[in-house]
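Note sheet for the following structure.
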Amino acid sequence: MLKHVDAVSLVQWHDARLADARLPVLANTRLWRWIESNHRHNRLLWDEEDRARRTDAGSAAIAASKRLIDQHNQLRNDAVEFIDEALLAQLGGIALHAGARLSSETAGAMIDRLSILALKIFHMHAQTRRSEAGAEHVAACTAKLQRLVAQRHDLACCLDRLLAEAAGGLAFFKVYRQFKMYNDPALNPWLYGAAPARQGSGAAP
């Protein structure tokens, strides 16, 4: 197993961080600083996604929420790439076996999914305590909660397997860049001024 990270530690820390946002980072390492950043922006993204769906707010407030969603999503994805870089730095001296498998999903992407599952479990658990919502609502949310917990267990096992196989030279992954073009003023035509001129041009998409 790689130094400083395993699925059990991640799951426990994700849950504890949601219960108490003041909780310090588990270890003062580059890897855990990016794990913390990923989880923090996932939490802020979750809250803003809820806020953006209000029906009692004006268009300006909703637009502000949408911009914050975009910012948090970019920072969340940036953190995933930095997590992968930190993990691959630890794996740098490990020789790959012949036939080592390439994992198309990176360890950082799996850690991101564990963070999101922690949020889903946290908020679904809160729904199971809403007695004013009725027994049917509580029962439905309890069943969903059980499924989310099972999904997180499966993902945690897959992450531990990938990390163990990577440490043994039996598997590997790469840093896959997201290249969010809509956030880049040099790549988004609506930001560098080309989009209005393209409208009605008849050019193929």
Side-chain angles (χ1 to χ4, degrees), residues 1-2 4-27 31-57 61-62 65-66 68-84 87 103-165 173 178:
M1 194 64 60
L2 287 176
H4 300 314
V5 65
D6 62 83
V8 171
S9 297
L10 281 163
V11 167
Q12 291 176 346
W13 186 82
H14 282 152
D15 287 347
R17 189 74 171 184
L18 290 174
D20 184 358
R22 300 166 299 175
L23 187 72
V25 177
L26 184 63
L31 172 60
W32 273 96
R33 284 195 294 272
W34 287 116
I35 289 172
E36 191 277 337
S37 178
N38 171 258
H39 195 44
R40 173 162 43 88
H41 287 293
N42 274 331
R43 177 177 57 80
L44 293 170
L45 182 60
W46 181 288
D47 292 344
E48 206 59 50
E49 288 278 13
D50 279 351
R51 192 173 291 111
R53 285 159 176 80
R54 290 172 296 167
T55 58
D56 62 344
I62 301 304
S65 282
K66 291 294 187 180
L68 284 172
I69 287 168
D70 196 35
Q71 292 172 19
H72 291 310
N73 193 46
Q74 181 68 60
L75 292 169
R76 161 217 171 194
N77 280 290
D78 289 346
V80 170
E81 294 179 10
F82 285 122
I83 290 168
D84 282 327
L87 288 169
S103 176
S104 62
E105 184 174 31
T106 72
M110 296 169 82
I111 290 170
D112 177 57
R113 288 175 59 203
L114 284 173
S115 168
I116 294 168
L117 278 166
L119 279 156
K120 290 182 177 181
I121 288 168
F122 179 85
H123 289 285
M124 193 64 72
H125 185 251
Q127 291 297 317
T128 67
R129 301 196 302 271
R130 285 186 58 208
S131 57
E132 87 287 353
E136 185 176 349
H137 175 86
V138 170
C141 289
T142 298
K144 291 175 182 178
L145 177 61
Q146 292 171 348
R147 180 160 293 187
L148 287 169
V149 170
Q151 289 174 187
R152 181 165 68 167
H153 174 267
D154 292 346
L155 178 57
C157 291
C158 290
L159 174 61
D160 273 345
R161 179 188 174 190
L162 174 59
L163 294 177
E165 290 183 350
F173 57 93
Q178 296 295 318

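Lys66 NZ to Ile69 CD1: the interatomic distance, rounded to the nearest 0.5 Å, is 5.0 Å. Here the CG-CZ distance, from Leu75 to Phe82, works out to 10.0 Å after rounding to the nearest 0.5 Å. To the nearest 0.5 angstrom, Cys157 atom SG is 13.0 Å from Leu162 atom CG. To the nearest 0.5 Å, atom NE2 of residue His137 and atom CZ of residue Arg130 are 4.5 Å apart. In this structure, Leu117 CG and Met110 CE are separated by 11.0 Å, a value rounded to the nearest 0.5 Å. Here OG1 of Thr106 is found 9.0 Å from CG of Asp112. Values are rounded to the nearest 0.5 Å.
Residue Ile35 is tested with Ile83, Leu114, Val80 for a side chain to side chain contact (heavy atoms under 4.5 Å, CB included); the sole match is Ile83. Among Lys120, Gln127, Met124, the single residue meeting the side chain to side chain contact (heavy atoms under 4.5 Å, CB included) criterion with Leu145 is Met124.
The shortest distance between side-chain heavy atoms of His125 and Asp15 does not fall below 4.5 Å. At a threshold of 4.5 Å between non-hydrogen side-chain atoms, the residues Arg54 and Ser65 count as touching. When side chains are defined from C-beta on, Leu45 does not count as touching Leu119, because their heavy atoms never get closer than 4.5 Å.
When all heavy atoms of Arg152 and Ile121 are compared, the closest pair comes out as NE-CD1, 3.4 Å. Heavy atoms only, all atoms of each residue included: Ile111 and Asn38 are closest at O-OD1, 4.3 Å. The shortest non-hydrogen separation linking Ala107 to Leu87 is CB-CD1, 3.5 Å. Nearest heavy-atom pair, Leu18 versus Arg43, reported as atom, atom and distance to 0.1 Å: CD2-CD, 4.0 Å. Across all non-hydrogen atoms, the minimal contact from Glu81 to Gln178 is OE2-N, 2.8 Å. When all heavy atoms are compared, the tightest approach of Asn42 to Ser115 is ND2-OG, 3.0 Å.
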Problem set entry | Chi angles and distances behind the side chain to side chain contact (heavy atoms under 4.5 Å, CB included) call for Leu159, Leu10 | CA-CA 10 Å; Leu159 174 61; Leu10 281 163; 3.5 Å; yes
Exercise. For Cys158 and Glu105, what are the C-alpha separation, side-chain angles and deciding distance, and is it a side chain to side chain contact (heavy atoms under 4.5 Å, CB included)?
Worked result: CA-CA 10 Å; Cys158 290; Glu105 184 174 31; over 6 Å; no
For this session: With side-chain hydrogen bond (donor to acceptor under 3.5 Å, both in side chains) as the test, would you mind laying out the steps for Asp78 and Gln74 before giving the verdict?
Result: CA-CA 6 Å; Asp78 289 346; Gln74 181 68 60; 3.0 Å; yes
For this session: I would like to know whether Arg76 and Ile116 meet side chain to side chain contact (heavy atoms under 4.5 Å, CB included); could you show each step before the answer?
Result: CA-CA 11 Å; Arg76 161 217 171 194; Ile116 294 168; 3.5 Å; yes
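A donor-acceptor pair under 3.5 Å is formed between the side chain of Asn77 and the backbone N or O of Asn73. Panel note: side chain Arg53, backbone Asp50; no donor-acceptor pair is recorded below 3.5 Å. With Ser9 contributing its side chain and Val5 its backbone, the two residues share no donor-acceptor pair below 3.5 Å. The backbone N or O of Ala109 lies less than 3.5 Å from no partner atom in the side chain of Arg113, so there is not a single donor-acceptor pair.
Aromatic ring orientation, Trp13 versus Trp32: perpendicular (interplanar angle above 60°, classes split at 30° and 60°). Ring geometry for His123 versus Trp46: interplanar angle under 30°, hence parallel rather than tilted (30 to 60°).
Heavy-atom contacts from other residues, nucleotides or ligands closer than 6.0 Å to NE2 of His153 number 12 or fewer.
Taking 4.0 Å as the cut-off between side-chain N and carboxylate O, Arg33 and Glu36 do not count as a salt-bridged pair.
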